[in-house]
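So the structure is just underneath, and the comments pick up after that.
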Amino acid sequence: MAFAPKIITCLIVLTVYMIPPAESTIQCGTVTSTLAQCVSYLVNSGPLPSACCVGVKSLYQMAQTTADRKQVCECLKVAGREIKGLNTGLVASLPTTCGLSIPYPISFSTNCDNISTAV
């Protein structure tokens, strides 16, 4: 019977290593709809709608895991390619303009695989 605890321990260790990596629960549709109020500002500049910053802050709060942040990054890159005339300078400064400090650059050349929750 002294063998039983060792077998249980081995099974627990194997189970931990077999758990798949975390996946994001954020969908690209959520990302684009949350930031939809920002598009006119990011294309035409002009006044920044308060709803845009509400969306930016909301998305920041939703993306708390590394998987979520990577997913948001990929979604933004895809959406950005589809919107003609985006001002990349305004895109890059949007988090700061809305009062957030993001520890990685907001750019279409950002490698989303390098994003983590570490600051």
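FYI, the numbering just counts along the sequence from 1. Heavy atoms only: backbone and side chains are in, while hydrogens, waters and symmetry mates are out.
Note that CG of D113 and OG1 of T66 are 11.5 Å apart. Values are rounded to the nearest 0.5 Å. Rounded to the nearest 0.5 Å, atoms CG (L59) and SG (C98) are 11.0 Å apart. In this structure, the separation between CD on Q61 and OG1 on T34 is 12.5 Å, given to the nearest 0.5 Å. Considering CD of Q37 and OG of S50, their distance stands at 8.5 Å, rounded to 0.5 Å.
Nearest heavy atoms, P47 versus Y41: O-CD1, 3.9 Å. Closest heavy-atom contact between P95 and I106: CG-CG1, 3.7 Å.
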List the atom pairs, donor and acceptor, that lie under 3.5 Å between side-chain atoms in residues 79-86 and the rest of the protein, sequence neighbours left out.
none

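In terms of hydrophobic clustering, with Ile, Leu, Val, Met, Phe, Trp and Tyr side chains grouped at heavy-atom distances under 4.5 Å, V39 and V54 are assigned to different clusters.
Every pair tested for side chain to side chain donor-acceptor pair (under 3.5 Å) that includes a residue from residues 86-101 fails, sequence neighbours excluded, so the list is empty.
For Y60, the side-chain contact (heavy atoms from CB on, under 4.5 Å) partners at least two apart in sequence or on another chain are R69, L100, I102. Scored by the side-chain contact (heavy atoms from CB on, under 4.5 Å) test, T110 finds C73, P105, S107, I115 as partners (sequence neighbours excluded). Here C38 pairs with L35, L42, C52, V56, L94 under the side-chain contact (heavy atoms from CB on, under 4.5 Å) rule; sequence neighbours left out. For the side-chain contact (heavy atoms from CB on, under 4.5 Å) test, residues two or more places apart in sequence or in another chain that qualify with E74 are C112.
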